[in-house]
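Everything below concerns the one structure shown next.
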Amino acid sequence: MNKIIIVSLAIGLFLTSCAEETLPKPKAFLRLAYNEASYQKVTSDCPYTFEFSKEAVVQPNEKCWVNISYPALKASLNITYRPVENNLRELLQESEKLTYNHAIKADGISAQPFDDATKKVFGALSEVTGNAASPLQFHLTDSTKHFITGALYFKVQPNYDSILPAVKYIEKDLKHLMETLEWRN
């Protein structure tokens with residue numbers, strides 16, 4: 001009987017002493033690291049030029065429309081050029097309409113005006129918050145000859161919380177584009 005008690009006690013101690021203490025795991029956060037932006041001048045036969053990130057691939061076409069893609073971020077900035085032919089009001093309304101088409105999915109839309117009188121570049125940058133297809137849109141004009149619109153798209157289903165770091169990264173490049181844009185006559 002003593003042997004059974006001693007063996008049972010030994011087995012019980014062995015089983016309880018070998019258990020590891022279970023600790024809760026801390027919440028993990030995704031750390032996204034982006035390279036510091038360096039810029040190069042984009043030149044073509046188009047009536048405008050600008051600087052853009054070396055991380056992006058810039059592809060102009062014969063209409064002077066430009067696709068700027070970020071392969072690592074699965075994003076593209078699509079830029080459309082149109083000459084102003086006594087239709088500035090229509091072009092501005094069309095640009096605004098394109099932005100507000102995203103209002104269905106947007107939580108909010110805010111616009112920041114842009115004005116560089118020395119270079120004759122005027123426009124606005126709009127941020128569309130929420131799960132909209134295009135989180136950033138802009139337009140630029142000289143008010144007499146040239147008009148550019150652009151929209152940022154991701155090749156993933158829009159989830160604003162997930163793409164926000166990439167949006168903010170590209171927004172810096174887009175602001176640099178707006179600040180460095182120059183018209184050619």
Which label fits F52 and F50: parallel for a plane angle under 30°, tilted from 30 to 60°, or perpendicular past 60°?
perpendicular
May I ask you to decide if the ring planes of W183 and Y48 are parallel, tilted or perpendicular, using 30° and 60° as cut-offs?
perpendicular
Between the side chain of [X] and the main-chain N/O of [Y], is any donor-acceptor distance below 3.5 Å?
{"X": "S69", "Y": "P71", "result": "no"}
{"X": "N87", "Y": "E90", "result": "no"}
{"X": "S76", "Y": "I68", "result": "no"}
{"X": "W65", "Y": "Y81", "result": "yes"}
{"X": "T129", "Y": "G108", "result": "yes"}

Do E94 and F147 have side-chain heavy atoms sitting under 4.5 Å apart?
no
Do N131 and N159 make a side-chain contact, defined as non-hydrogen atoms from C-beta onward lying under 4.5 Å apart?
yes
At what distance, to the nearest 0.5 angstrom, does [atom1] of [X] lie from [atom2] of [Y]?
{"X": "L136", "Y": "S126", "atom1": "CG", "atom2": "OG", "answer": "9.0 Å"}
{"X": "I79", "Y": "T149", "atom1": "CD1", "atom2": "OG1", "answer": "8.5 Å"}
{"X": "C46", "Y": "I148", "atom1": "SG", "atom2": "CD1", "answer": "8.5 Å"}
{"X": "D142", "Y": "E182", "atom1": "CG", "atom2": "CD", "answer": "13.0 Å"}
{"X": "T80", "Y": "H139", "atom1": "OG1", "atom2": "NE2", "answer": "13.5 Å"}
{"X": "K145", "Y": "L88", "atom1": "NZ", "atom2": "CG", "answer": "14.5 Å"}

Which pairs would a plain distance check flag for residues 109-124, meaning a side-chain donor or acceptor within less than 3.5 Å of a matching protein atom at least two apart in sequence or in another chain?
unit_1: D116; atom_1: OD1; unit_2: T118; atom_2: N; d: 3.3
unit_1: D116; atom_1: OD1; unit_2: T118; atom_2: OG1; d: 2.6
unit_1: D116; atom_1: OD1; unit_2: K119; atom_2: N; d: 3.4
unit_1: K119; atom_1: NZ; unit_2: E179; atom_2: O; d: 2.8

Heavy atoms only: give me the nearest [X]-[Y] pair and the separation to one decimal.
{"X": "S44", "Y": "R184", "answer": "O-NH2, 2.6 Å"}
{"X": "P60", "Y": "V58", "answer": "CD-O, 3.7 Å"}
{"X": "L91", "Y": "R82", "answer": "CD2-CZ, 3.4 Å"}
{"X": "S134", "Y": "Y153", "answer": "CB-CE2, 3.6 Å"}
{"X": "P135", "Y": "L152", "answer": "CD-O, 3.4 Å"}

With the 4.5 Å side-chain cut-off for hydrophobic clustering, are L77 and V156 part of the same group?
yes
May I have the list of side-chain donor-acceptor pairs in residues 170-178 shorter than 3.5 Å, sequence neighbours left out?
unit_1: E171; atom_1: OE1; unit_2: K168; atom_2: NZ; d: 3.2
unit_1: D173; atom_1: OD1; unit_2: Y39; atom_2: OH; d: 2.8
unit_1: D173; atom_1: OD2; unit_2: Y70; atom_2: OH; d: 2.5
unit_1: H176; atom_1: NE2; unit_2: E51; atom_2: OE1; d: 2.8

